[in-house]
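Note sheet for the following structure.
The structure displayed is predicted, hence computed values, not measured ones.
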Amino acid sequence: MLRSHTCGELGIAHVGQSVTISGWVQGIRDKGSLLWIDLRDRYGITQVTIETENASAEIIETARKLGREFVISVKGKVVERYSKSDKIATGAIEISPEKINILNAAITPPFTIEDETDGGDDLRMKYRYLDLRRNPVRKNLELRHRIAIETRNYLDKLNFLEVETPVLIKSTPEGARDFVVPSRMNPGEFYALPQSPQTFKQLLMVGGFDRYYQIVKCFRDEDLRADRQPEFTQIDCEMAFVEQEDILNTFEGMVRHLFKAVKGIDIPTLSRMTYADAMKYYGNDKPDIRFEMKFVHLSPTLSEGEGANTQKDLVKGKGFKVFDDAQLVVGICAKGAAEYTRKQLDELTEFVKRPQIGATGLVYARYNTDGTIKSSVDKFYNEEELKKWAVAFNAQPGDLMLILAGEEAKTRKALSELRLEMGTRLGLRDKNKFACHWVIDFPLLEYNEEAKRWHAMHHPFTSPKPEDIELLDSNPGAVRANAYDLVINGVEIGGGSIRIHNKALQAKMFELLGFTKEDAQAQFGFLMNAFEFGAPPHGGIALGFDRLCSLFGGAEVIRDFIAFPKNNSGRDVMIDSPSPIAKEQLDELQISLKK
RNA sequence: GGAUCGGUAGUUCAGCUGGUUAGAAUGCUGCCCUGUCACGGCAGAGGUCGCGGGUUCGAGUCCCGUCCGGUCCGCCA
């Protein structure tokens, strides 16, 4: 060993001992006759002190040659410091060196290796191995490790087996785009990298492994985001002989265990919300319930029908065309925001009018602290009518009502964005506060306008609720699935379903999704065949591991919780991939490139 | 595929309405300094203003195109 101790463990108890420590030069402070070297490794920083009066010429010469990030080892005595530091764990001692070895010189790094680095994201990605030396990045990976260990601990105790599934699998038409891998031995044919081990874990259930899990890489060739990488990690789980309730309880237990074991936080029992309510009250299938600010409907909703409840209609027929023509008029009440200035309200209007949000405008009504109500539509609604709004919003003096109108789906989505924006502005989205819940009863199918056909909302193996099966032919969009999402702080952390384990029902699903019998057989015959050999009822869930880590770490970007992440364009700027391959390789694979 | 913000010293940024020699901080180099720990002091080096074209007497600044990066929409069963 090139060290007897790490740079983080020496303290006053070691004074007088002869030790060897190794690490990187964090910095040097040269005061002429006194010179300090901060030596850093994964575990901490230890100060090496050289008094030029007493030190050998060799040591002084070596020390003055050092630069940042040189790798050195220092043999010397632990001595108590003359002036101690309480900023670092080893601040009470320093090393008086007898010998300094330069193990490797280093050129000046392009950014500072400090907690608050001066490096931009791009540079840090290019020199990721330097970025990894920084405390914040290291701590994120330590957190990731801890979450993985605790996940395994929890699942192992419950008899789950970690089983590896193949990475070279088969491309399927459903879902995300596949990354594909050409097969040299099978010219013209391709493997696909798994979007998830979905079918394999179901086959493990058929194979009698009634409790499976895997912390596993998944691959999706879709456009990226701050919380999406082309390769990402899932905690993938499946159980046999269970119903939805069992899955929810088991993984609620896991989430609570992780919060307790990793962060020391006791999470209350997870609440549940139906998909329909999530959309109705939050305009979003993954509501952030750290704060209320539920949607308030000022006109009957589409599902309730035109004029179904005229008493509820507080806005129509007063000559305000925007509301009269709207399919939906819906708003939120921002507590205590009545004092928003014109400028702030204009900002909010601009916010909802951004093309990504897509609202055409924003109506506001201030419930002033003097009890009067001032709205942007006073021309159409008198004080008495506005008071009725306030009642509907349950608004108090000092509150601000924000209202959007328009086509239902678009308006809900826009108001959802506005709600989150207001939550942020009002400081209601504390990253140290965690609100976990289940969204259940997702629709089985959603209609894809572009492809003019039904798509599986979760995936094609999801079972419909038995009581809704009769609707499969008459009203496919109304069929609910035994599908559920785990949502934490408005982030979709996981999702799963009870699967179909019956060949006939699975065949029916494929038919609904527009597969011919032949296509279904060719793509998923192996699964349907397996179902004929005694498939147990089963279901499962998959949790986004990277997202879970970033959530625990209080970040929204998952990149810094991955040792070697890719950028927004799916590139690894450190190794510069993807990259062209040699003509010989292409030839061997029987691949020719389009010009 | 689309929206939007950015690209100026090794790095992070400033640079207004187009106008003299493009600045600051930090890092780097040299010298001084006996208790620093974001050490301090003095001096110095360091620039194809992403790239191409255009407007203009004159472009870091305006226009067009392009490349790269961030965030978002579409997409992500």
Integer angstrom distance from the C1' of B:C39 to that of B:G58:
47 Å
I'd like a list of close polar pairs between nucleotides 3-7 of chain B and the protein, N/O only, cut-off under 3.5 Å.
from : atom 1 : to     : atom 2 : distance (Å)
B:A3 : N3     : A:Q356 : NE2    : 2.8

Taking OP1 and OP2 of B:U11, is either one under 4.0 Å from a side-chain nitrogen or oxygen of A:T117?
no
Base, sugar-phosphate, or nothing: which does A:E94 touch, judged by heavy atoms less than 4.0 Å apart?
base
Under 3.5 Å donor-acceptor pair, A:D121 side-chain atoms to B:G69 base atoms
no
hbond_proxy A:R124 side chain to B:U11 base (donor-acceptor, 3.5 Å cutoff)
no
Nucleotide N/O of nucleotides 25-33 of chain B paired with protein N/O under 3.5 Å:
from  : atom 1 : to    : atom 2 : distance (Å)
B:G27 : O3'    : A:R68 : NH1    : 2.8
B:G27 : O2'    : A:R68 : NH1    : 3.2
B:C33 : N3     : A:D30 : O      : 3.0
B:C33 : N4     : A:D30 : O      : 2.7
B:C33 : N4     : A:G32 : N      : 3.4

Side-chain donor or acceptor of A:R225 under 3.5 Å from a matching atom on the base of B:G70?
no
Ignoring backbone atoms, establish whether A:K126 has a side-chain N or O less than 4.0 Å from OP1 or OP2 of B:G69.
no
Taking only the side-chain nitrogens and oxygens of A:R29, find out if one of them lies under 4.0 Å from OP1 or OP2 of B:C39.
yes
In whole Å, what is the span from the CH2 atom of A:W36 to the C1' atom of B:G40?
11 Å
Hey, does A:G91 reach any base, or is it just sugar-phosphate, or nothing, if we go heavy atoms under 4.0 Å?
nothing
Please assess A:K217 against A:D236 for the test salt bridge (charged side-chain N to carboxylate O under 4.0 Å, His left out), listing each intermediate value before the final yes or no.
CA-CA 10 Å; A:K217 273 287 175 72; A:D236 189 52; over 6 Å; no
Ring centres under 6.0 angstrom apart (A:F461, A:F524):
yes
